[in-house]
S.K.: 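Dropping the structure in here first, questions after.
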Amino acid sequence: MDNENAAIWFVDRHLEEGRAGKTAFREADGEKRAITYGQLAGETARFAGALQRHGVRREERVAMIVRDQIEFPVVFWGALKAGAIPVPLNTLLSGQVYEAILNDSRASILVVSEQLWGVVKPAIDGNRFLRAVLVIGGAPEGTESYTTFVKDAPAIEAAEAHSDELAFWLYSSGSTGTPKGVRHVHGSLRATAETFGAQVLGVREDDTVFSVAKMFFAYGLGNAMSFPMAAGATTVIYSGRPTPESVFRIMAVEKPTIFCGVPTLYAALVAEQEKAGTAPVHNIRLCTSAGEALPREIGERWERLWRAEIVDGVGSTEMLHIFLSNRPGDIHYGTSGVAVPGYEVRLVDEHDEDVAEGEVGELLVRGPSSAEGYWNRRHKSQSTFQGHWTRTGDKYERTAEGRYVYCGRTDDMFKVSGIWVSPFEVEQALVEHPAVLEAAVVARADEKDLVKPAAFIVLKDGIAAPTPDELKDFVKDKIGMWKYPRWVEVVEELPKTATGKIQRFKLREAG
Ligand code: 3SK
């Protein structure tokens, strides 16, 4: 059997194809370090050797609380080469959640960026499974320096692996709940790179990719790591918080050709650029958006200013990346487009019967990158992964042209006077108002206990605030009498997950 360990195709293949000297990753901040494909092959082989020397066996978990920095791909692919299971974790979690995840995964090695040590330290105090804690950039008491751990380690060949064999886990909390370990196989990385990465985005060797979604998030893992590496391209990595200021700077200085963002950030970038009244400085040929549906208005305003399309799509941690998407040259803002080549989707009602065109149903997907299941969540695995089909928990409608229009999460949809209301439709109408930067809509019961939409909005700086009545009329005119928000509350910011999803359940609780 050929060795199907994904690290061979993503990392070592580039040596045979003459890219040893090509930059694979370069940092846009800090020391601005870079690593070539040749160095990456060597360093991943040495990290794998260091794990083996330490006695780490196949399938043991290597937890990563690592910022977007050069060591991220080294540890991820190095662990894969060792036959171990890298488990990249969200770098913005609390100590309590880290404690729970480290115990749940029973990781035996933890790699941490020095800057995150303060939060992580209390989380490992009583841990019974960790045999080594490696800190990148330092060695606080009770830990080992990552550099010392790797020093003089033998470079080893990638462990033999089947493409169907478990490769890595990602922890997903969705928009609510405690994080679940989603287990992915070696073959899924290549499947997403060859479908969405190559056939939809068309990532090329001469591209430079910049993703504001961090690599611990499935969307960022593909954008910033597996897709550019599949093509032999270069990724610009940034460990800081993406703000309009940092993103504009990186676009001007690093000149990425592909930009991967999320709707909140696109909205903020458009508002800043419109305020400046100048043309943006950039080299971008293509953009992507996911994490939440992109409001039509934001996509259109972005394209007018940047003259580059945003390819909006929907994916999930369970499917590893995007499976429903617009296509470059065929963008319909306000829709999630059509199934990505290699994937099939269905919309079903509560009896699992296909719904008709124009009706709302739950989105199911099947394709080559679905996860093996959740770790230690048998019941949830059985209800999510049903044979070849994976339930997404998203409600969609299919238009006459066969495009899919997002309506909301299954839990977020509600009926007003017996008619379904999609919070996303009301939110899209609200952000078309020139003073509204962002909006979130939830159901709330009125004094007669009848359910009606309630809106939370973030206003743009420097524009006169509209009255609630003005906004209600604005929505009535756009989408219909019964859908307008009966309550409008102005807030400083909307509650979101680290990956940019609005946590509507928090707004419901606040109401
Ligand atoms: O939220 C999404 O749309 C998404 C896209 C790609 C990978 C993962 C996720 C959750």
Side-chain angles (χ1 to χ4, degrees), residues 88-90 92 168-177 179-184 188-201 203 209 211-228 230 258-266 287-295 298-299 310-326 334-340 342-343 345 362-365 367-371 374 384-385 390-396 404-412 424 496-504:
L89 301 180
N90 184 335
L92 301 172
F168 64 101
W169 301 0
L170 296 171
Y171 269 83
S172 156
S173 36
S175 44
T176 54
K180 305 178 283 296
V182 181
R183 301 174 305 136
H184 279 288
S188 291
L189 284 163
R190 189 161 167 186
T192 53
E194 289 183 334
T195 54
F196 183 71
Q199 296 179 58
V200 175
L201 294 184
V203 182
V209 180
S211 168
V212 297
K214 304 293 183 198
M215 289 189 266
F216 64 74
F217 174 34
Y219 176 49
L221 193 79
N223 302 336
M225 199 165 74
S226 55
F227 299 171
I258 298 184
F259 174 67
C260 306
V262 291
T264 314
L265 191 67
Y266 281 116
C287 307
T288 69
S289 182
E292 281 257 65
L294 180 75
I298 304 296
I310 302 180
V311 180
D312 182 26
V314 62
S316 67
T317 306
E318 287 75 1
M319 293 304 290
L320 189 54
H321 214 274
I322 290 172
F323 49 82
L324 190 60
S325 178
N326 282 277
T335 82
S336 302
V338 297
V340 165
Y343 293 82
V345 292
E362 189 194 348
L363 183 74
L364 308 191
V365 53
S369 55
S370 62
Y374 301 112
T384 303
F385 303 99
T390 300
R391 301 195 86 95
T392 66
D394 284 327
K395 291 274 193 199
Y396 266 86
Y404 288 79
V405 177
Y406 180 68
C407 300
R409 292 289 299 166
T410 305
D411 303 342
D412 293 333
F424 183 61
K496 300 216 177 92
T497 65
T499 52
K501 288 189 203 296
I502 297 172
Q503 294 172 304
R504 290 186 186 77

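This chain uses plain numbering: 1 for the first residue, then up along the sequence. Only heavy atoms go into these numbers, but all of them, side chains included; no hydrogens, no water, no symmetry mates. All ligand and atom numbering here is 1-based and tracks the order in the structure.
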S.K.: At what distance is the nearest protein heavy atom to atom 7 (C) of ligand 1, and which residue and atom is it?
M.R.: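 Closest protein heavy atom to atom 7 (C) of ligand 1: Tyr219 N, 3.3 Å.
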S.K.: Taking side chain to side chain contact (heavy atoms under 4.5 Å, CB included) as the criterion, tell me which of Thr288, Val262, Ile310, Asn326 meets it with Leu294.
M.R.: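 The passing option is Ile310.
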S.K.: Only heavy atoms of Ala290, strictly under 4.0 Å: list the atoms of ligand 1 that pass.
M.R.: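 Counting atoms of ligand 1 from 1, those under 4.0 Å from Ala290 are 3 (O), 5 (C).
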S.K.: Between Ser369 and Tyr343, do the side chains contain a donor N or O and an acceptor N or O under 3.5 Å apart?
M.R.: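 Ser369 and Tyr343 do have a side-chain donor-acceptor pair below 3.5 Å.
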S.K.: Taking the non-hydrogen atoms of Lys501, is any one of them nearer than 4.0 angstrom to ligand 1?
M.R.: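 Right, Lys501 reaches ligand 1.
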S.K.: For atom 3 (O) of ligand 1, what is the nearest protein heavy atom, given as residue, atom name and distance?
M.R.: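 Checking every protein heavy atom, the shortest distance to atom 3 (O) of ligand 1 gives Gly315 N, 2.9 Å.
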S.K.: Any donor-acceptor pair under 3.5 Å linking the side chain of His184 with the backbone of Thr317?
M.R.: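 Answer holds: yes.
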S.K.: Do Tyr266 and Ser289 meet the criterion of a side-chain donor-acceptor pair at a distance under 3.5 Å?
M.R.: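 No - no donor-acceptor pair under 3.5 Å links their side chains.
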S.K.: Compute whether any side-chain donor of one residue and acceptor of the other, for Tyr406 and Glu292, lie under 3.5 angstrom apart.
M.R.: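 Their side chains do not contain a donor-acceptor pair, so the 3.5 Å distance test is not met.
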S.K.: Check ligand 1 against Leu320 and write out every atom of the ligand that is under 4.0 Å from a heavy-atom position of the residue.
M.R.: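 Selected atoms, number and element: 7 (C).
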S.K.: Atoms of ligand 1 less than 4.0 Å from Gly291 heavy atoms?
M.R.: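 The list of qualifying atoms is 1 (O), 2 (C), 3 (O).
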S.K.: Quick check: do Phe196 and Leu201 have side-chain heavy atoms less than 4.5 Å from each other?
M.R.: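 Contact flag for Phe196/Leu201 side chains = yes.
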S.K.: Given the side-chain rings of Phe216 and Tyr171, with only the six-membered ring counted for Trp, is the space between their centroids under 6.0 Å?
M.R.: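 That pair fails the under 6.0 Å test.
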S.K.: Would you check the N or O atoms of Ser316, main chain and side chain alike, for any that come under 3.5 Å of an N or O of ligand 1?
M.R.: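 For ligand 1, there is no N or O atom that lies under 3.5 Å from one belonging to Ser316.
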S.K.: For ligand 1, which atoms sit closer than 4.0 Å to a heavy atom of Ala218?
M.R.: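 Matching atoms, with element in brackets: 7 (C), 8 (C).
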S.K.: With atoms numbered from 1 as shown, which atoms in ligand 1 lie under 4.0 angstrom from a non-hydrogen atom of His321?
M.R.: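 Under 4.0 Å from His321, ligand 1 has these atoms: 6 (C), 7 (C).
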S.K.: For ligand 1, is Leu221 a contact, meaning one of its heavy atoms is under 4.0 Å away?
M.R.: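 The answer is no, since Leu221 has no heavy atom less than 4.0 Å from ligand 1.
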S.K.: Looking only at the side chains, is there a donor atom on one of Ser211 and Tyr219 sitting less than 3.5 Å from an acceptor on the other?
M.R.: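 No, no side-chain donor-acceptor contact under 3.5 Å.
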S.K.: May I ask you to check if ligand 1 and Val314 share an N or O to N or O distance below 3.5 Å?
M.R.: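 No; every N/O pair is 3.5 Å or more apart.
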